[in-house]
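By convention in this document, chain letters (A, B, ...) are assigned in the order of the sequence lines, proteins followed by strands, and residues within each chain are numbered from 1.
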Amino acid sequence: MIDGFIALYIFMLAAFVGHEVIGRVPVILHTPLMSGSNFVHGIVLVGAMVALGRADTTLELSIGFIGVALAAGNAVGGYVVTERMLEMFKSSKGDKK
Amino acid sequence: MTDVISVRGLIEASYFLAAILFIFGLKRMSSPTTARTGIVWAGAGMVVATLITFLYPGMQNYGLMTVAIALGGILAWISGKRVAMTDMPQMIALYNGMGGGAAAAIAAVELFGGEDHGMTFGVLAVLGGLIGAVSFSGSLIAFAKLQGLMKSTVRFKGQQVFNLLLLVGTLAVAGYIAVAHAGISIVTVFFVLALILGITMTLPIGGADMPVVISLYNALTGLAVAFEGFVLQNAAMIIAGTVVGAAGSLLTQLMAKAMNRSLANVLFSGFGDTAAAAAG
């Protein structure tokens, strides 16, 4: 389905998007943006779920379970932390608008 | 049969939507006025992608899956809400390490499962596993250092040579696994080596430089997620992972530049530690 050059094209275009999307980010947003992109790779949860869903042996089940738990931690923790950071951001910025 | 095809279409459409939401979310997060809504957009994409994955055809172990999500999610929720604002960087490191660990776990399940995907998938699975495992243990060290669990900076003579040899050794084992159909013991050795590499790479770096290092591991986790996305044929993981990999790499350079340092300087000199010691 996704293989060979199609995969390479997706990879290349997505890399450009990632580069462009944060092209001129101000220094104050460095840490929140790092946290935000940390949340986005929490999508690994989807893959961990599929891996656990296909697991058969005890070994695979244990690793899959750990994988899903870690990925869920990445996604939820990443969201909570980013949201708190950006919330603080707004209260100091809100008066100027 | 038609039923399976339409479910498949629904899943792919949802992943497509999630990818769009992630990219727009990141775009909004890069401007001060729209930053707050950005995380909400990305969060919506994550919810859509996660919920639709329960419909993935041919899956079992739903009970275990739900327990794992609840366990990881609730612990992260509580820790994320409770942590003090000043302790945010190490929490990012911790959650990032968890993502890297998850990518390594996917690689481990695929490699232990012993299904032969062919050479390309073998290489991508092993590479993703290597990067994910390094990011996992490295991020945990970064967390421990910033949290104050680890006070001293460990350095020994010839550490960089040791790291280089360890990297070469790990890559050699990785190459063997990707080409030959390696058994459980060799795959285990590979993951142990990768985890040690992450630790020894991060140990000599001083606390003042940690934000740059965390950003680097963040980019690496993104890359690992993208590689495992190729292995699992999952477009959402490929796109989100690659976008984070590229954005994270650029961000790492910007952060290093803001400190008037080059990335190589941060990684290999241990300068930040002496500077921090002199300042404090």
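Most heavy-atom pairs under 4.5 Å with chain A: of the set A219(B), G99(B), A103(B), this distinction falls to G99(B). Contact tally against chain A (heavy-atom pairs below 4.5 Å) for A105(B), P89(B), A102(B): the top residue is A102(B). Looking only at heavy-atom pairs under 4.5 Å with chain A, the residue among I78(B), I106(B), N218(B) that has the most is N218(B). Ranked by heavy-atom pairs under 4.5 Å with chain A, the list I239(B), V83(B), I74(B), V67(B) is led by V83(B). Heavy-atom pairs under 4.5 Å with chain A peak, among L232(B), I69(B), L254(B), at I69(B). Each of I214(B), V225(B), I39(B), T53(B) has some count of heavy-atom pairs under 4.5 Å with chain A, and the biggest count is that of I39(B).
If you measure heavy-atom distances from Y15(B) to chain A, the contacts under 4.5 Å come from the side chain alone. Contacts between R82(B) and chain A at a heavy-atom distance below 4.5 Å involve the backbone alone (N, CA, C, O). Both the backbone and the side chain of I63(A) come within contact range of chain B, with heavy atoms under 4.5 Å apart. For S215(B), the parts lying under 4.5 angstrom from a heavy atom of chain A are both the backbone and the side chain. For a residue to count as touching a neighbouring chain, one of its non-hydrogen atoms must lie under 4.5 Å from one of that chain's; by this rule L94(B) does not touch chain A. With a 4.5 Å cut-off on non-hydrogen atoms, L75(B) does not touch chain A at all. Both the backbone and the side chain of V21(A) come within less than 4.5 Å of a heavy atom of chain B. Both the backbone and the side chain of L33(A) come within contact range of chain B, each with at least one heavy atom under 4.5 Å from a heavy atom of that chain. Contact annotation for I43(A): both backbone and side-chain heavy atoms come within less than 4.5 Å of a heavy atom of chain B. Heavy-atom distances place both the backbone and the side chain of M237(B) under 4.5 Å from chain A. For a residue to count as touching a neighbouring chain, one of its non-hydrogen atoms must lie under 4.5 Å from one of that chain's; by this rule E228(B) does not touch chain A. At a 4.5 Å heavy-atom cutoff, L124(B) makes no contact with chain A through either its backbone or its side chain.
Between F11(A) and F230(B), the ring-plane angle classifies as tilted under the 30° and 60° cut-offs.
Closest of all the heavy-atom pairs between P32(A) and T82(A) is O-CG2, 4.0 Å.
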Would V25(A) and M29(B) count as a side-chain contact (heavy atoms from CB on, under 4.5 Å) here? Give the steps.
CA-CA 9 Å; V25(A) 55; M29(B) 270 186 259; over 6 Å; no
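Contact of the P57(B) side chain with the R8(B) side chain is registered, since non-hydrogen atoms from C-beta on lie closer than 4.5 Å. Counting only heavy atoms from C-beta outward, the side chains of T50(B) and M49(A) approach each other to under 4.5 Å. Considering only heavy atoms from C-beta on, F39(A) stays 4.5 Å or farther from E83(A) through its side chain.
Of the possible polar contacts, none joining the S135(B) side chain to the I131(B) backbone as a donor-acceptor pair under 3.5 Å is found. With hydrogens and angles disregarded, a donor-acceptor distance shorter than 3.5 Å links the side chain of R84(A) to the backbone of K81(B). N61(B) places a side-chain N or O within donor-acceptor distance of the main-chain N or O of L52(A), the cut-off being under 3.5 Å.
Contact annotation for residues 17-26 of chain B against chain A (heavy-atom separation below 4.5 Å, listed by residue number): F22(B), I23(B), L26(B). Interface residues of residues 242-250 of chain B toward chain A, defined by a heavy-atom distance below 4.5 Å and sorted by number: T242(B), V243(B), V244(B), A246(B), A247(B), L250(B).
Between the side chains of Y95(B) and S139(B), not a single donor N or O lies within less than 3.5 Å of an accepting N or O.
Note that CG of L71(B) and OG1 of T66(B) are 12.0 Å apart. Values are rounded to the nearest 0.5 Å. Considering CE of M98(B) and CG of L45(A), their distance stands at 11.0 Å, rounded to 0.5 Å.
Surrounding CZ of F54(B) are more than 12 heavy atoms belonging to other residues, nucleotides or ligands, all under 6.0 Å away.
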